[in-house]
Number of protein chains: 2
Amino acid sequence: MPDDLIPDVLNDRCPSRMVLNHVTSRWGVLVLIALQDGTMRFSALRRRIGGVSERMLTQSLRLLEEDGLVLRTAHPVVPPHVEYDLTPLGVEVAEKVHALAACIEGNLGQIMAHRTE
Amino acid sequence: MPDDLIPDVLNDRCPSRMVLNHVTSRWGVLVLIALQDGTMRFSALRRRIGGVSERMLTQSLRLLEEDGLVLRTAHPVVPPHVEYDLTPLGVEVAEKVHALAACIEGNLGQIMAHRTE
DNA sequence: TTTGATACTTACAAAAATGTGGGTACTTCC
DNA sequence: GGAAGTACCCACATTTTTGTAAGTATCAAA
């Protein structure tokens with residue numbers, strides 16, 4: 001019975017670690033939060049997420065797509081038209097990520113005050 | 001009225017981004033989850049969190065301490081005895097992080113199945 | 001007619017994260 | 001007496017992440 005049977009992020013060899021890393025990656029978090037507003041095109045996402053480069057946005061979207069959290073729909077037209085959505089599982093994960101971000105945003109005053117002590 | 005007045009992680013210049021990065025960092029996430037079990041010493045933490053190096057554990061603990069999420073208590077004896085705890089705010093944040101990790105662990109089967117398609 | 005928008009990819013470079021091995025000062029266990 | 005445990009720090013090297021700039025094909029607006 002390998003360690004992997006009961007998923008555990010504290011276990012070095014558990015593949016949940018990899019997924020957690022995708023989800024909690026610098027831009028992955030923000031992609032999930034941004035997509036909570038609904039379907040978005042690549043450029044719209046890029047404008048919404050301050051500071052992300054095209055390269056990083058593409059890469060983050062690809063990883064989340066591979067994990068089945070994000071759905072990519074490409075319309076083969078010129079100029080290109082591609083839409084991104086959360087999958088049902090993506091919605092679930094995005095909610096948790098959003099709760100975390102909101103918690104930090106809500107306590108930012110306290111945190112910043114502590115940092116300057 | 002600067003952008004920073006209403007914390008928003010999607011905003012490039014909002015300091016909540018920095019805190020979010022500490023919390024969602026590779027080892028930061030796991031430190032918070034591990035500390036949910038209660039007070040732990042450095043070595044215990046290191047054993048609990050699979051794959052973390054001393055260097056990275058120290059660094060992660062320092063960042064979370066600066067943000068006021070983790071409390072470090074050093075007893076000046078030889079050999080050294082140092083205890084780590086979550087602060088009240090740390091408990092709150094750790095709950096969200098744990099919910100996220102649990103969500104991923106719980107859906108890992110589905111995710112891994114999707115990845116191999 | 002030049003510019004900008006679309007959704008990327010690729011090569012290259014820079015920056016950040018992470019690991020490695022060593023050292024510390026003492027105690028207890030074998 | 002030698003080894004291991006404690007909680008680190010430091011310098012160095014490597015790995016990973018991230019950014020930058022350019023290129024692609026086509027259309028529409030100025």
Side-chain angles (χ1 to χ4, degrees), chain A residues 9-13 15 17-32 34-35 38-67 70-85, chain B residues 9-13 15 17-32 34-35 38-67 70-85:
Chain A
V9 292
L10 291 177
N11 183 332
D12 204 8
R13 286 171 300 191
R17 273 275 183 94
M18 180 188 59
V19 180
L20 186 64
N21 284 155
H22 296 164
V23 170
T24 61
S25 68
R26 181 166 178 189
W27 304 114
V29 178
L30 303 180
V31 165
L32 290 170
L35 280 178
T39 304
M40 263 197 237
R41 298 180 62 175
F42 184 85
S43 300
L45 266 174
R46 179 151 145 68
R47 281 187 293 265
R48 188 75 211 287
I49 301 172
V52 70
S53 67
E54 294 191 346
R55 189 186 198 279
M56 281 303 106
L57 182 55
T58 306
Q59 204 174 100
S60 303
L61 285 166
R62 292 278 176 281
L63 289 174
L64 295 175
E65 203 194 339
E66 280 173 30
D67 293 339
V70 162
L71 185 68
R72 185 187 118 107
T73 314
H75 302 282
V77 293
V78 169
H81 185 109
V82 182
E83 288 178 342
Y84 291 95
D85 279 286
Chain B
V9 292
L10 292 177
N11 183 333
D12 205 7
R13 286 170 298 188
R17 272 275 183 92
M18 180 188 60
V19 180
L20 186 66
N21 284 155
H22 296 164
V23 170
T24 62
S25 68
R26 183 165 177 191
W27 304 114
V29 178
L30 303 179
V31 165
L32 291 170
L35 281 179
T39 304
M40 264 197 237
R41 297 181 61 174
F42 186 85
S43 300
L45 223 41
R46 179 151 147 68
R47 282 187 293 265
R48 186 78 211 284
I49 301 172
V52 72
S53 66
E54 294 190 347
R55 190 185 197 279
M56 280 302 105
L57 183 54
T58 306
Q59 203 174 101
S60 302
L61 285 166
R62 292 279 176 282
L63 288 175
L64 295 175
E65 204 193 338
E66 280 174 28
D67 292 339
V70 163
L71 185 68
R72 187 186 117 106
T73 314
H75 303 281
V77 292
V78 170
H81 186 110
V82 181
E83 290 178 341
Y84 291 95
D85 279 287

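Order of the sequence lines fixes the chain letters, A, B, ..., with proteins taken first and strands second; residue numbering starts at 1 for each chain.
When all heavy atoms of B:L10 and B:R17 are compared, the closest pair comes out as O-NH2, 3.4 Å. B:A74 and B:R72 make their closest contact through CB-NH2, 3.7 Å (heavy atoms, listed as atom of the first residue, atom of the second, distance). Scanning all heavy atoms of the two residues, the minimum distance from B:A34 to B:L45 falls at CB-CD1, 4.0 Å. Minimum interatomic distance between B:V70 and B:Y84 (heavy atoms only, all atoms of both residues): CG1-CD2, 3.9 Å.
Contacts of A:R47 classified as side chain to side chain contact (heavy atoms under 4.5 Å, CB included), with partners at least two apart in sequence or in another chain: A:S43, A:A44. Annotation: side-chain hydrogen bond (donor to acceptor under 3.5 Å, both in side chains) contacts of A:R41 (sequence neighbours excluded): A:H81. Scored by the salt bridge (Lys or Arg N to Asp or Glu O under 4.0 Å) test, A:E83 finds no partners at all (sequence neighbours excluded). For the side-chain hydrogen bond (donor to acceptor under 3.5 Å, both in side chains) test, residues two or more places apart in sequence or in another chain that qualify with A:T39 are A:D85.
Between B:R41 and D:dC8 there is no side-chain polar atom (N or O) within less than 4.0 angstrom of OP1 or OP2. For the pair A:S53 and D:dT18, the criterion of a side-chain N or O lying under 4.0 Å from OP1 or OP2 is not met.
Looking at residues 57-65 of chain A, you'll see that no heavy atom sits under 4.0 Å from any atom of DNA chain D.
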In B/S/- notation, 5' to 3', how is nucleotides 22-30 of chain D contacted by protein heavy atoms closer than 4.0 Å? ----S----

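Contact of the A:V19 side chain with the A:N21 side chain is not registered, since no non-hydrogen atoms from C-beta on lie closer than 4.5 Å.
Rounded to whole angstrom, the span from the CE atom of A:M56 across to the P atom of D:dA21 amounts to 15 Å. A straight line from CG of A:L30 to C1' of D:dT17 spans 15 Å, rounded to a whole angstrom. Regarding A:R46, its CZ atom lies at a distance of 11 Å from the C1' atom of D:dT20, rounded to whole Å.
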Polar pairs (N or O, both sides) under 3.5 Å between protein and nucleotides 11-15 of chain D?
| residue | atom | partner | partner atom | Å |
| --- | --- | --- | --- | --- |
| D:dA11 | N6 | B:R55 | NE | 3.4 |

Side chains of residues 48-61 of chain A: which donor-acceptor pairs under 3.5 Å do they make with residues two or more places apart or in other chains?
| residue | atom | partner | partner atom | Å |
| --- | --- | --- | --- | --- |
| A:R48 | NH1 | A:D37 | OD2 | 2.4 |
| A:S53 | OG | A:M56 | N | 3.2 |
| A:T58 | OG1 | A:E54 | O | 2.8 |
| A:S60 | OG | A:M56 | O | 2.8 |

Taking it one step at a time, do B:E66 and B:L63 satisfy side chain to side chain contact (heavy atoms under 4.5 Å, CB included)? CA-CA 5 Å; B:E66 280 174 28; B:L63 288 175; 4.3 Å; yes

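Atom-to-atom distance recorded for B:L64:CG and B:L35:CG is 8.5 Å, nearest 0.5 angstrom.
Taking 4.0 Å as the cutoff to heavy atoms of chain A, we find the contact window on DNA chain C bounded by C:dT6 to C:dC12.
Counting only residues at least two apart or in different chains, salt bridge (Lys or Arg N to Asp or Glu O under 4.0 Å) contacts with residues 21-30 of chain A are absent.
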